[in-house]
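These notes concern the structure reproduced below.
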Amino acid sequence: GNSVTQMEGPVTLSEEAFLTINCTYTATGYPSLFWYVQYPGEGLQLLLKATKADDKGSNKGFEATYRKETTSFHLEKGSVQVSDSAVYFCALRAGANNLFFGTGTRLTVIP
Amino acid sequence: NAGVTQTPKFRVLKTGQSMTLLCAQDMNHEYMYWYRQDPGMGLRLIHYSVGEGTTAKGEVPDGYNVSRLKKQNFLLGLESAAPSQTSVYFCASSYGASKGYNEQFFGPGTRLTVL
């Protein structure tokens, strides 16, 4: 079956610290992988995506590389800002564009 | 463009009551989805639709019904609400397979409490 396992939170970092949020997946076939971000009181927004092995998705300083050999899609940012405080969801796409989400990781960045 | 909108934003129901959540999108997307978000469980797909007049079950469809009478609208119904349906409900939409699916766009959510 399809599933996503995501690093437990919450994560609290100081501004300008390095961020890693781990994500591993189980899937049949070759899924596309996504990171979504949810800011307080809002719906989810696509942060980045990768559609095949070794692809790197990037946006707003965030990066994630699709690693087929380790079935992983870890999210990284070199220097986080207070405005990055949000909940981050890893997801994979299967079937009729159905998304399977991880449990989410809450990130809080303190000045 | 308003994107994906949801009505209402908040609702409190008593056990056994019924209600309908409305989702509307103005991006001419073929596909629409209803998810629920529960603490520690991420988002789970309830039902989805690949086009006007068609619906399909997702991961957690029990206790819900849906209808897609118009391309831009996707309704989620609870016929007899239960406390286990207390959750935040998100609607999303996307293009279909002919346009490579592309990303799902999410609405702001509806917070439902069933007492």
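Here is how names work: the chains are called A, B, and so on, in the same order as the sequence lines, proteins then strands, and each is numbered from 1.
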If one checks every heavy atom of B:Leu43 against chain A at 4.5 Å, the contacting part turns out to be both
Cut-off 4.5 Å, heavy atoms of chain A, and the answer for B:Gln37 is side chain
With a 6.0 Å cut-off on ring centres, are B:His47 and B:Tyr64 close enough? no
When the 4.5 angstrom heavy-atom criterion is applied to A:Gln38 and chain B, the contacting part is side chain
Q: Would you mind reporting whether B:Leu76 and B:Tyr89 have side-chain heavy atoms less than 4.5 Å apart?
A: yes
Ion pair check, B:Asp38 and B:Arg44, cut-off under 4.0 Å: yes
task = Decide, yes or no, whether a salt bridge links A:Lys56 with A:Glu63 under the criterion of side-chain N to carboxylate O below 4.0 Å.
result = yes
Among A:Phe101, A:Phe100, A:Phe89, the residue with the most heavy-atom pairs under 4.5 Å to chain B is A:Phe101
If we ignore angles and hydrogens, is there a donor and acceptor under 3.5 Å between the side chains of [X] and [Y]?
X: B:Tyr35; Y: B:Gln104; value: yes
X: A:Thr105; Y: A:Gln6; value: yes
X: B:Ser94; Y: B:Tyr33; value: yes

Residue pairs passing the disulfide (SG to SG under 2.5 Å) test with at least one member in residues 37-98 of chain B, sequence neighbours excluded, are B:Cys23-B:Cys91
Checking heavy-atom separations under 4.5 Å from chain A, one finds in residues 106-115 of chain B B:Phe106, B:Gly107, B:Pro108
